[in-house]
Amino acid sequence: MSTAANHILFVHGFPFHGGMWRAQLDGLPAGWHGLAPDLRGFGSAPAGAGAGLAADWTMDTFADDMAALLDGHGIERAVVCGLSMGGYISFAFWRRHGDRVRALVLADTRAGADTAEGRASRHAMAEEVVERGTEVVARAMLPKLFAPSTRREKPEVVERVRSMIEGTAPATVAAAQRAMAARPDSTPDLPGIVVPTLVVAGEQDALTGPDEARSMAHALPAARLELIPDAGHMSPMERPEAFNAVLGDWLGSLPAGG
Ligand code: MLT
């Protein structure tokens with residue numbers, strides 16, 4: 001297994017794909033190698049058997065897929081960077097494969113589980129999307145994902161996100177919604193996450209904003225907190241230069257050694 005190089009594994013949010021990290025892959029500091037896979041069923045990745053309402057996917061399923069991906073690349077340890085659902089998966093990865101985590105980036109995400117109401121609305125969306133298609137998801141999510149300045153000044157970013165959402169198979173949306181509804185509370189894990197952790201959020205993230213980020217950073221033993229101005233939930237796509245500057249600076253601060 002390779003331990004010499006600096007690897008970073010980017011885990012996308014819901015319902016997007018690995019292409020959301022394009023600017024981060026392009027902007028990594030010298031000496032760093034990035035992977036930004038499509039999670040099962042998203043982008044061009046096969047869903048395997050059992051997507052849809054009957055699927056038994058969990059955050060652990062995705063985390064184990066990511067561990068297998070690292071195996072396939074001969075990578076023993078990596079910085080794991082997850083946005084939103086990618087953050088939920090990063091927590092699962094930490095619990096199941098913690099010795100493979102060199103450091104963590106928790107971007108626009110939360111540690112807590114869903115409320116009963118939140119779970120019910122995920123189950124409702126899972127059923128609706130199977131009946132009516134992913135436009136339902138785009139309509140529900142797009143108004144919440146961006147800072148006002150992104151909508152005004154960067155309509156192409158909004159359209160890229162719309163196309164990722166609408167391109168996701170309804171069966172994948174349903175399976176992932178049910179998996180997120182079932183995820184455990186990761187808050188009790190925070191004090192035990194001893195690796196360096198960058199907590200980052202768009203200042204105007206209406207879904208998992210600065211308050212969530214502050215409270216996670218407070219509970220983590222080795223956290224750096226960074227807020228990205230003029231960005232919402234999709235901060236790496238909305239303000240890639242600012243996101244990359246924060247990420248690059250923090251990567252440069254990590255102790256040497258893969
Ligand atoms: C995401 O961006 O991954 C979603 O907002 C996560 C969620 O639905 O909780």
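Everything numeric in this text was worked out from a predicted model, so none of it was measured. Each ligand, and each atom within it, is numbered from 1 in the order the structure gives.
Of the candidates Met85, His12, Arg122, the one placing a heavy atom closest to atom 8 (O) of ligand 1 is Arg122.
Checked by atom type and distance alone, the side chain of Thr134 never pairs as donor or acceptor with a backbone atom of Val137 at under 3.5 Å.
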Quiz: residues 38-60 side-chain donor-acceptor pairs under 3.5 angstrom, not counting sequence neighbours:
residue	atom	partner	partner atom	Å
Asp38	OD1	Gly18	N	2.8
Asp38	OD2	Ser44	N	2.8
Asp38	OD2	Ser44	OG	3.1
Arg40	NE	Asp65	OD2	2.7
Arg40	NH2	Asp65	OD1	2.9
Arg40	NH2	Asp65	OD2	3.4
Thr58	OG1	Asp60	N	3.1
Thr58	OG1	Thr61	N	3.2
Thr58	OG1	Thr61	OG1	3.3
Asp60	OD2	Arg96	NH1	3.2

Only distances under 3.5 Å count here; give the side-chain donor-acceptor pairs of residues 80-93 to other protein atoms, sequence neighbours excluded, each with its distance to 0.1 Å.
residue	atom	partner	partner atom	Å
Ser84	OG	His233	NE2	3.0
Tyr88	OH	Arg110	NH1	3.4
Ser90	OG	Gly86	O	2.7

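Annotation for ligand 1: atoms under 4.0 Å from non-hydrogen atoms of Ser84 are 1 (C), 2 (O), 3 (O), 4 (C), 5 (O), 6 (C). Listed by atom number, the atoms of ligand 1 under 4.0 Å from His233 heavy atoms are 1 (C), 2 (O), 5 (O). If you number the atoms of ligand 1 from 1 as listed, the ones under 4.0 Å from a heavy atom of Phe16 come out as 2 (O). Under a 4.0 Å criterion applied to the non-hydrogen atoms of Tyr88, ligand 1 contributes the atoms 6 (C), 7 (C), 9 (O). Near Gly13, with a cut-off below 4.0 Å to any heavy atom, the atoms of ligand 1 are 3 (O).
A 4.5 Å side-chain heavy-atom check between Glu159 and Glu156 finds every atom pair outside the cut-off.
In terms of N/O distances under 3.5 Å, ligand 1 is approached by Phe14.
Taking each heavy atom of Pro191 and Thr187 in turn, the nearest pair found is CD-O, 3.7 Å.
Salt bridge absent: Arg152 and Asp230 never bring a charged side-chain N and a carboxylate O closer than 4.0 Å.
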